Amino acid sequence: MLKIIRLGATPVSLSLLSIQVYASSSEKETAKKELLKIDEDLYAKAKPQLEKAVERGREGCEFLQNPPDGFYPRLGVIGFAGILGLFLARGSKIKKLVYPAGFMGIGASMYYPQQAVAVAKVAGTQLYDWSLQGYIAVESLWKDNPKKKKSGKKNDKGDAEGDKPQDIHAASNEEHAPK
């Protein structure tokens with residue numbers, strides 16, 4: 001089985017890699033030590049990743065062959081919740097993303113409550129951080145409004161009153177020109 005996986009995975013994974021090869025001019029002769037060695041360059045990087053992928057696949061097969069008690073019924077309930085979410089999410093593309101994920105999350109949280117609490121805590125802090133960043137962005141846009149910026153230009157009428165500093169009294173919100 002392992003030989004079949006290696007024979008199938010190696011050509012497929014090599015086809016996904018992109019390598020830049022620079023050609024030399026015919027005038028210059030390159031030394032043998034400058035030539036591209038596939039064994040050292042390609043396999044040194046690809047082989048550990050392929051071995052990890054094969055190991056994960058082997059572990060996944062072993063897990064599915066010897067699952068813990070009640071795994072398949074739980075998987076069925078969670079999968080059915082996702083299909084139900086797809087059925088109920090007619091119309092909107094957002095609903096088609098939110099409903100199945102939400103229903104599957106609810107189904108999974110029934111069977112795995114401790115993990116659901118941990119995910120909810122992380123998601124809550126991320127959501128709080130994102131909302132805080134959005135609030136700060138909107139606030140900075142609001143404060144940097146061009147209408148509120150003072151410019152050094154005079155009014156179109158040419159009077160010098162626009163150049164005078166204005167005093168604003170907080171209690172009455174009135175502007176007064178200095179005397």
Side-chain angles (χ1 to χ4, degrees), residues 1-23 33-149:
M1 177 78 174
L2 183 60
K3 290 182 181 179
I4 295 172
I5 292 174
R6 285 187 181 170
L7 290 175
T10 303
V12 171
S13 64
L14 292 177
S15 68
L16 298 174
L17 296 173
S18 67
I19 300 173
Q20 291 182 341
V21 179
Y22 298 101
K33 56 184 164 183
E34 292 181 13
L35 293 176
L36 179 66
K37 294 182 181 180
I38 293 177
D39 291 339
E40 294 175 6
D41 298 330
L42 179 64
Y43 289 126
K45 293 180 182 177
K47 190 174 179 180
Q49 293 177 352
L50 283 173
E51 288 176 351
K52 287 179 186 176
V54 169
E55 184 63 31
R56 287 184 188 137
R58 187 179 306 129
E59 289 173 359
C61 287
E62 290 175 7
F63 179 79
L64 291 176
Q65 288 174 352
N66 301 319
D69 292 335
F71 174 73
Y72 286 120
R74 292 175 182 180
L75 183 65
V77 169
I78 294 168
F80 180 73
I83 293 171
L84 182 65
L86 277 176
F87 178 73
L88 294 175
R90 288 189 233 148
S92 173
K93 290 181 181 179
I94 295 174
K95 285 182 184 178
K96 288 181 182 178
L97 291 173
V98 173
Y99 282 20
F103 284 5
M104 288 174 65
I106 291 170
S109 67
M110 290 189 319
Y111 292 116
Y112 305 104
Q114 293 173 341
Q115 290 86 349
V117 168
V119 168
K121 285 181 181 178
V122 171
T125 57
Q126 284 289 331
L127 187 62
Y128 176 74
D129 290 343
W130 289 341
S131 64
L132 189 61
Q133 289 174 0
Y135 176 77
I136 291 170
V138 169
E139 184 181 32
S140 68
L141 287 174
W142 185 265
K143 286 183 178 180
D144 292 341
N145 194 352
K147 291 180 182 177
K148 292 184 178 182
K149 287 185 179 178

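Remember, predicted model here, so these are calculated numbers, not experimental data.
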Show which side-chain atoms of residues 105-120 pair as donor or acceptor with protein atoms under 3.5 Å away, not counting sequence neighbours.
residue : atom : partner : partner atom : Å
S109    : OG   : G105    : O            : 3.3
S109    : OG   : I106    : O            : 2.7

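Note on residues 94-105: no pairs pass salt bridge (charged side-chain N to carboxylate O under 4.0 Å, His left out), not counting sequence neighbours.
For the atom pair I136 CD1 and S131 OG, the distance stands at 9.5 Å (nearest 0.5 Å). Annotation: the span from F80 atom CZ to L75 atom CG amounts to 14.0 Å, rounded to 0.5 Å. If you take CD on E51 and CD on Q49, they are separated by 11.0 Å, rounding to the nearest 0.5 Å.
Heavy-atom minimum distance, Y72 versus P67: CE1-CG, 3.4 Å.
Few gaps surround CG on D129; more than 12 heavy atoms of other groups in view lie less than 6.0 Å from it.
In this structure, the salt bridge (Lys or Arg N to Asp or Glu O under 4.0 Å) partners of E55, at least two apart in sequence or on a different chain, are R58. Taking E139 as the reference, Y135, K143 meet the side-chain contact (heavy atoms from CB on, under 4.5 Å) condition, with sequence neighbours excluded. Qualifying side-chain contact (heavy atoms from CB on, under 4.5 Å) partners for L84, counting only residues two or more places apart in sequence or in other chains: L88, F103. Under the side-chain contact (heavy atoms from CB on, under 4.5 Å) criterion, I94 pairs with S92, V98, not counting sequence neighbours. Partners of F63 under the ring-ring contact (aromatic ring centres under 6.0 Å, His included) rule, at least two apart in sequence or in another chain, are F71. In this structure L127 satisfies the side-chain contact (heavy atoms from CB on, under 4.5 Å) test with no other residue, sequence neighbours excluded.
Both tests hold for R90 against F87: distance to the six-membered ring centre under 6.0 Å, angle to the ring axis within 45°.
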